[in-house]
2 protein chains.
Amino acid sequence: MNISEVSKKYGLSIDTLRYYEKEGLIPPVRRSESGLRDYSEQDCGWVEFIKCMRAAGLSIDTLRQYITLYFKGNRTLQKRKNLLVVEREKLKARIDEMQSTLARLDYKIEMYEGRIVACEKELLKKRKSK
Amino acid sequence: MNISEVSKKYGLSIDTLRYYEKEGLIPPVRRSESGLRDYSEQDCGWVEFIKCMRAAGLSIDTLRQYITLYFKGNRTLQKRKNLLVVEREKLKARIDEMQSTLARLDYKIEMYEGRIVACEKELLKKRKSK
DNA sequence: GTAAACCCTGGAGCTGGCTTTACGTCAAGC
DNA sequence: GCTTGACGTAAAGCCAGCTCCAGGGTTTAC
């Protein structure tokens with residue numbers, strides 16, 4: 001799979017894919033004899049994982065740490081798990097905060113509905129009284 | 001209320017408060033004769049609102065639009081509501097995505113637990129067989 | 001065999017959102 | 001009356017995370 005196919009498949013720009021690889025978020029991708037990237041299934045898996053984690057707000061740096069540990073093998077299992085646990089907690093906190101903001105927006109929108117109706121009634125009254 | 005009190009109260013830096021005001025996210029705050037900001041209750045309300053919305057991911061620009069509409073009065077009620085509805089949908093989508101990433105992290109963490117246990121057993125076995 | 005369409009790299013540039021800097025004013029305590 | 005420290009402004013700087021560009025090598029289609 002070449003880079004533009006992967007780009008389309010995951011909705012990440014070609015530049016971003018190269019950037020992620022350069023930054024070590026994705027292991028170095030195999031190249032064809034002429035030097036073109038050829039993404040394996042596994043590479044795609046990493047791309048998808050990174051995309052998902054980035055969208056959830058994990059930093060480039062954190063993800064780089066994770067993959068670095070990953071490639072050190074089994075003896076980093078505990079560290080990797082700890083990293084994930086920490087990020088999971090952060091994510092949970094972000095979600096909770098956003099949930100309550102969502103509720104707040106819902107409430108505000110409801111209020112607006114009420115006010116808009118009231119405003120329209122007011123207009124109607126004025127028109128009738130003419 | 002002066003700027004440093006508001007800063008402490010809401011956990012936004014003094015610089016950020018000035019920045020928000022300059023960018024029009026917060027209405028211009030009343031000044032003392034000598035030009036120092038003196039935040040009213042209402043100002044504080046805006047600060048709190050903006051802080052909350054920023055944390056939920058609404059852009060500076062969107063919030064500026066909202067407050068601009070707000071100060072045009074009642075005839076922008078519908079527009080303001082629409083803006084909030086759009087942002088609400090975006091927020092909901094972000095939350096949903098993050099929820100599923102959270103679930104994914106939970107799953108991964110569980111897997112790690114299993115693997116760590118397996119790894120420890122392996123070590124134990126090796127030690128016994130010596 | 002040549003133009004069009006990809007791909008490569010390294011490095012510069014951009015964007016959003018603050019943060020720092022440089023420099024000046026003012027109020028309070030000593 | 002002088003220092004100290006909080007406040008003011010404008011403008012430059014900074015950081016994360018891309019995004020674009022120049023310059024050059026392939027591959028593909030005609």
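Throughout, a chain's letter reflects where its sequence line sits, starting with A, and its residues are numbered from 1.
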Linking I/L/V/M/F/W/Y whenever their side-chain heavy atoms sit closer than 4.5 Å, directly or via other members, would A:Y66 and B:M111 fall into one cluster?
no

Give a yes or no on whether a salt bridge exists between A:E87 and A:K90, defined as a side-chain N under 4.0 angstrom from a carboxylate O.
yes

Please determine, for the side chain of B:R31, which listed nucleotide (D:dG8, D:dA6, C:dC6) has the closest atom?
D:dG8

Within the pair B:R37 and D:dG8, is there a side-chain N or O less than 4.0 Å away from OP1 or OP2?
yes

In residues 91-102 of chain B, which residues come under 4.0 Å of DNA chain C by heavy atom?
none

How long is the line joining CG of A:D38 and P of D:dT26, in whole Å?
17 Å

Nearest-Å distance for atom pair CZ/C1', residues B:R64 and C:dG17
11 Å

B:W46 ring center near B:Y39 ring center (under 6.0 Å)
no

Looking only at atom types and distance, does a side-chain atom of B:R88 sit under 3.5 Å from a main-chain N or O of A:L102, one as donor and one as acceptor?
no

Using only side-chain N and O atoms of B:S34, determine if any of them is under 4.0 Å from OP1 or OP2 of C:dA27.
yes

Check whether any side-chain N or O of B:R104 sits under 3.5 Å from a backbone N or O of B:K108 as a donor-acceptor pair, and report yes or no.
no

How many Å lie between CG on B:N2 and P on D:dG5, as a whole number?
17 Å

Protein-nucleotide distance (A:L36, atom CG; C:dA5, atom P), rounded to Å:
18 Å

Carboxylate-amine/guanidinium contact A:E120 B:R75, below 4.0 Å
no

Pull out every residue in residues 5-22 of chain A that has a heavy atom closer than 4.0 Å to any atom of DNA chain C, ordered by number, or say none.
A:I14, A:R18

Can you find a side-chain donor-acceptor pair between B:T62 and B:S59 that sits under 3.5 Å?
yes

Please tell me which of A:G57 and B:I3 maps to the more 5' nucleotide of DNA chain D, matching each residue to the nucleotide holding its nearest heavy atom.
B:I3

In this structure, how many angstroms lie between the C1' atom of C:dG17 and the CG atom of B:L58, rounded?
14 Å

Is A:R37 paired with A:E21 through a side-chain N to carboxylate O contact shorter than 4.0 Å?
yes

I want to know whether B:Y107 and B:Y112 have ring centres closer than 6.0 Å.
no

Report yes if at least one side-chain N or O of B:S4 is closer than 4.0 Å to OP1 or OP2 of D:dC7; otherwise report no.
yes

Just how far, in rounded Å, is C1' of C:dT19 from CD of B:E23?
13 Å

Will you find, in the side chains of A:S4 and A:N2, an N or O donor that is under 3.5 Å from an N or O acceptor?
yes

Test item: A:S40 side-chain N/O and A:D43 main-chain N/O as donor-acceptor pair under 3.5 Å
yes

Is there a residue in residues 46-55 of chain A whose heavy atoms reach under 4.0 Å of DNA chain C, and which residues are they?
none

